[in-house]
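So you know, we letter chains A, B, ... as the sequences are listed, proteins then strands, and number each from 1. Because the structure is predicted, anything quoted here is derived from the model rather than measured.
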Amino acid sequence: MPSIPKGTRDFQPAEMSGRNYIFDTVKRIFKNFGFLPIETPSMENIETLTGKYGDEGDKLIFRILNSGDFVESGKLKNISGEEFNSKKLSSLISEKALRYDLTVPFARYVVMHRNDIVFPFKRYQIQPVWRADRPQKGRFREFYQCDIDVIGSDSLLNEIELLQVIEKVFSSLNLKVTIKLNNRKILFGLAEAIGASEHFTQITMALDKLEKVGEKAVIEELGQRGIKPDAVEKMAAFLRFISNEKISSDLGILSSDNHSKSRLEYLTNIFNSPSIGVKGLEEMNFLIKHIKSFKFDFAEIEFDPTLARGLDYYTGSIFEVIAKDAEMGSLCGGGRYDNLTGVFGLPGISGVGISFGADRIYEVLKTLNLIPENTDRCVSAMLVNFGEAELEFALSLLAQLREAGIGAELYPDNAKLKKQFAYADAGKIPFVLMAGRDEILEKKVSVKNMQNGEQVTITEDEVSEYIINASHQF
RNA sequence: GUGGCUGUAGUUCAGUUGGUUAGAACAUCAGAUUGUGGUUCUGAGGGUCGUGGGUUCGAGCCCCAUCAGCCACCCCA
């Protein structure tokens with residue numbers, strides 16, 4: 001038996017139907033919000049990708065081997081002792097890599113096409129990305145991202161737009177989700193407020209694990225990472241506040257709305273003004289104030305000051321969306337990046353974007369039975385093949401049906417009727433048409449309704465109309 | 001990169017303290033009416049028990065190694 005690489009998948013017709021349902025839904029909504037499509041190549045130059053995703057991210061980039069025989073060509077011989085390290089070697093044998101996400105290639109695209117773009121630029125992009133991760137539940141080495149970004153605008157209204165897109169997408173898919181909202185500036189303010197801003201990264205990474213490992217483990221980790229005891233104690237007080245709040249919320253005393261408010265109040269009290277942290281709180285207040293103008297029925301929005309997100313380039317708002325009724329990682333994530341185009345030579349352009357993980361959304365919809373059936377199959381009639389003598393009549397009937405806009409096919413072999421009917425049945429084709437010797441003599445066709453088993457014999461001219469009318473009854 | 005679990009037919013799984021020729025269900029194909037599917041009945045094909053080694057008179061079962069898959073950590077969609 002052949003096989004396919006770890007973490008990749010084949011998609012069968014039934015799965016494609018469900019996947020297209022997701023792609024069609026997000027695409028429809030993206031367009032409705034004014035986003036324009038672009039595509040970029042599957043592979044990028046390695047320098048474009050490296051250094052954007054953090055150390056861990058860099059390791060997960062799939063590299064493409066250069067063509068040619070490196071030993072034969074003698075290229076490797078020019079590297080002497082000291083220089084012979086894996087970094088040097090890999091730059092010699094590989095200069096391209098598969099894209100890791102759609103945001104970094106987009107930033108590269110914006111810089112390259114800056115003169116053709118009218119800012120602010122709203123783009124959507126639906127393409128696969130690759131990560132050399134170890135596969136597990138909801139995690140693949142090849143998967144599709146559905147990205148939208150607004151670049152060239154500082155306005156927080158863009159964040160609000162993105163939140164509405166999230167609500168629209170998940171309400172269209174009938175899926176209840178929680179949108180977690182935070183701001184990198186608040187995280188920085190928090191690090192500053194406890195007097196450990198030099199440990200910003202370590203603090204956010206530890207904080208991010210709160211829900212998974214609990215209060216104690218986070219405090220332990222902070223200590224292990226070399227953060228001073230008095231700073232750890234201040235953080236512990238904050239964590240206690242969060243935990244107490246969780247308990248009240250479980251008891252139904254705090255709604256997620258009040259939740260967000262009380263967290264903002266707490267942080268306002270411990271932050272010095274003016275500071276980056278306070279700026280973050282102002283931004284968060286703005287979002288919370290203005291999202292009230294919109295209905296959020298399927299997405300519950302919550303300010304979660306422990307949300308970190310690892311991608312290095314985020315500088316402001318960050319988002320993460322998780323399903324309420326299923327265990328799965330994040331279904332959607334994103335944030336604001338103030339200087340991603342700067343690394344490609346075009347500074348001062350801020351962008352904000354999110355990415356929907358189509359594969360994870362598919363898995364969740366599948367487990368919750370929310371994928372509509374048979375959205376792709378559109379053949380409504382199959383003609384039975386009776387053999388050479390009846391072929392002329394069958395082919396002209398086939399053409400006539402298709403001309404009338406009816407999806408139709410002729411069974412290709414003169415097989416037993418049982419087999420031909422079983423094929424139609426398996427393919428959920430609603431009508432089977434028979435024109436054998438007797439029917440042809442009278443220019444008639446027998447039409448069998450496969451759902452109720454009824455069969456009528458009508459003239460050739462009536463067939464299209466009959467099928468169209470009968471189809472409307474279902 | 002680290003750890004855990006599982007590998008028997010296309011799929012889901014049985015398989016006794018190690019004992020003759022490894023089973024079932026579903027799926028597939030064929031037949032039960034030479035012009036009628038879904039239900040029923042009959043039959044057939046399909047396995048080097050992941051792979052390699054070891055223990056034993058004898059291994060699907062025990063031991064070692066290896067590979068693959070799944071799950072968790074890390075990180076993320």
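A heavy atom lying under 4.0 Å from RNA chain B marks the following residues of residues 326-342 of chain A, by number: A:Ser330, A:Leu331, A:Cys332, A:Gly333. Shown for residues 28-45 of chain A: no residue has heavy atoms falling under 4.0 angstrom of RNA chain B.
For A:Arg9 and B:G69, the CZ to P distance is 14 Å, given to the nearest whole Å.
Across all strands shown, A:Glu142 has no heavy atoms under 4.0 Å from either base or sugar-phosphate atoms.
Contact check, A:Lys6 against B:G69: a side-chain N or O comes under 4.0 Å of OP1 or OP2. Between A:Gln136 and B:C70 there is no side-chain N or O to OP1 or OP2 distance below 4.0 Å. For A:Lys416 and B:G31, the shortest distance from a side-chain N or O to OP1 or OP2 is below 4.0 Å.
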Under the rule of Watson-Crick or G-U wobble with both distances under 3.5 Å, where | means paired to another strand and [ ] a crossing pair, RNA chain B maps to (((((((..((((.....[...)))).(((((.......))))).....(((((..]....))))))))))))....
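For A:Phe143, the ring pair (Phe, Tyr, Trp, His ring centres under 6.0 Å) test picks out no residue, with sequence neighbours left out. For the ring pair (Phe, Tyr, Trp, His ring centres under 6.0 Å) test, no residue two or more places apart in sequence or in another chain qualifies with A:Phe140. Not counting sequence neighbours, the partners of A:Thr459 by the side-chain hydrogen bond (donor to acceptor under 3.5 Å, both in side chains) test are A:Glu462.
B:A30 and B:U48 have their P atoms separated by 25 Å, with the value rounded to a whole Å.
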